[in-house]
2 protein chains.
Amino acid sequence: MTDYPVQLKLEHQLCFALYACSREMTKLYRPFLDELGLTYTQYVTLLVLWEQDNVSVKQLGEELLLDSGTLTPLLKKLEATGLITRARDAKDERSVLVQLTEQGRALQVRATDIPEKVFCQTGLSLEEGSRLREKLQQLVREMQET
Amino acid sequence: MTDYPVQLKLEHQLCFALYACSREMTKLYRPFLDELGLTYTQYVTLLVLWEQDNVSVKQLGEELLLDSGTLTPLLKKLEATGLITRARDAKDERSVLVQLTEQGRALQVRATDIPEKVFCQTGLSLEEGSRLREKLQQLVREMQET
DNA sequence: TGCAATTGAATTGCATACAATCTTTATACA
DNA sequence: TGTATAAAGATTGTATGCAATTCAATTGCA
């Protein structure tokens with residue numbers, strides 16, 4: 001199999017490196033998020049809400065690159081656990097506004113140290129981490145244009 | 001909200017950049033894989049098998065960083081569509097060996113050009129793509145050690 | 001050698017992702 | 001001003017991911 005096309009080798013795939021790396025990174029978060037009773041997707045949703053409260057499902061979807069098929073059930077779970085409320089926007093009944101509860105806002109304090117703890121396990125310098133993140137953000141923007 | 005802790009901003013998260021980038025990359029593959037009737041995970045599984053046929057579920061899991069909970073149903077689907085066969089290893093009845101069918105092997109030809117077509121949409125130079133992939137592979141290795 | 005511990009898959013249960021479709025509300029414009 | 005179109009969520013269906021558990025086969029070692 002020495003003449004196997006090099007462009008099909010798994011080791012040669014940027015897509016797989018991304019896919020594997022993303023999942024491994026999520027695994028590093030899991031023990032910390034377990035303590036807060038959150039999944040990774042719930043966590044990033046809260047990151048958005050902690051920055052800007054009272055946003056629509058549409059806005060959340062634009063920030064997180066997720067659609068209502070993913071967000072609706074996830075938000076219902078966060079509502080059921082008492083971290084957020086969901087309510088139709090009086091100004092536009094098509095929209096649903098998501099708001100943190102007291103409890104949801106309080107959780108932010110317990111999350112503050114998680115990114116740093118995880119980052120320490122990556123073996124990256126701050127400089128390398130930033131460069132890599134910027135490169136990935138640039139790549140996301142490029143892929144969304146196509 | 002100007003005093004919001006910078007380390008919790010979504011834009012500052014390497015984990016989210018990876019998560020978003022991985023999903024966007026998979027979206028670029030989708031139209032091409034649809035033509036072959038494959039999902040992304042089925043595709044990377046076949047990448048492994050095209051390189052080395054007749055491997056165990058355990059070996060597949062080690063290459064793809066997936067466990068039997070994900071692989072077993074996926075492999076059953078590939079078997080149902082006639083691309084692979086699954087059989088207990090006579091030398092160790094605990095293992096299941098996965099083998100390509102004629103049809104499964106034939107599909108490789110139609111997949112050969114996909115990585116290049118997708119890569120063109122990333123806007124990366126070959127040099128940048130390789131560097132990024134190597135950085136991600138190194139990061140995966142580092143995260144697996146912890 | 002006999003049996004406890006380990007290993008490899010499969011199964012179960014839960015939480016995403018995402019395409020496709022449906023429902024409700026808002027908007028545009030003939 | 002009706003009405004066609006568009007927009008925002010919700011729903012449905014399919015396919016992962018992964019933890020936890022179960023089951024069968026193998027291995028290690030007292």
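Just so we're on the same page: letters track the sequence lines, and every chain starts at 1.
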(request) Write down the partner of D:dA30 under the Watson-Crick or G-U wobble criteria, each distance required to be under 3.5 Å. (result) C:dT1

(request) For B:Arg133 and A:His12, indicate whether the former's side chain and the latter's backbone hold a donor-acceptor pair under 3.5 Å. (result) yes

(message) If you compare every side-chain N and O of A:Thr41 against the phosphate oxygens of C:dT16 (OP1, OP2), does one of them come in below 4.0 Å?
(response) yes

(message) Between P on C:dT16 and CG on A:Leu60, what's the gap in Å once rounded to a whole number?
(response) 14 Å

(request) Send over the distance from A:Glu93 CD to C:dA26 C1', rounded to a whole Å. (result) 11 Å

Please output the side-chain donor-acceptor pairs of residues 60-69 of chain B that fall under 3.5 Å, not counting sequence neighbours, one pair per line with the distance.
from	atom 1	to	atom 2	distance (Å)
B:Glu62	OE2	B:Lys58	NZ	3.0
B:Asp67	OD1	B:Gly69	N	3.0
B:Asp67	OD1	B:Thr70	N	3.1

(message) Can a donor-acceptor pair be found, under 3.5 Å and without considering hydrogens, that links the side chain of A:Glu145 to the backbone of A:Glu142?
(response) no

(message) Parallel, tilted or perpendicular: which one describes the rings of A:Tyr40 and A:Tyr29, with boundaries at 30° and 60°?
(response) perpendicular

(message) Quick check against the 3.5 Å criterion: does B:Arg88 have a side-chain atom that pairs as donor or acceptor with the backbone of B:Arg94?
(response) yes

(request) Identify the residue among B:Leu107, B:Leu75, B:Thr45 that makes a side chain to side chain contact (heavy atoms under 4.5 Å, CB included) with B:Leu83. (result) B:Leu107

(request) Let me have a per-nucleotide readout for nucleotides 1-14 of chain D, 5' to 3', with B, S or -, counting only protein heavy atoms under 4.0 Å. (result) ------BSBBB---

(request) Check the distance between C:dA15's C1' and A:Lys27's NZ and give it to me in whole angstrom. (result) 16 Å

(request) Calculate the interatomic distance between A:Leu64 atom CG and C:dC18 atom C1'; express it in whole Å. (result) 15 Å

(request) Using the closest heavy atom to pick a nucleotide of DNA chain D for each, name whichever of B:Tyr40 or B:Asp89 lands nearer the 5' end. (result) B:Tyr40

(message) Nearest whole Å is fine: how far is D:dC18 P from A:Asp34 CG?
(response) 13 Å

(request) Looking at every strand, decide which applies to B:Leu65 at a 4.0 Å heavy-atom threshold: base, sugar-phosphate, or nothing. (result) sugar-phosphate

(request) Check whether any side-chain nitrogen or oxygen of B:Arg30 sits under 4.0 Å from OP1 or OP2 of C:dA19, and answer yes or no. (result) yes

(message) In whole Å, I'd like the distance from the CG atom of B:Leu66 to the P atom of C:dA10.
(response) 14 Å

(request) Specify the separation, in whole Å, of atom NZ of B:Lys91 and atom C1' of C:dA9. (result) 19 Å

(request) Is it possible for you to check whether B:Arg30 lies under 6.0 Å from the centre of the six-membered ring of B:Phe32, through NZ or CZ, and within 45° of that ring's axis? (result) no

(request) Return the value, rounded to whole Å, for the distance between atom CZ of B:Arg23 and atom C1' of D:dG17. (result) 14 Å

(request) Could you work out which one of C:dA15, C:dA17, C:dT25 sits closest to the side chain of A:Thr39? (result) C:dA15

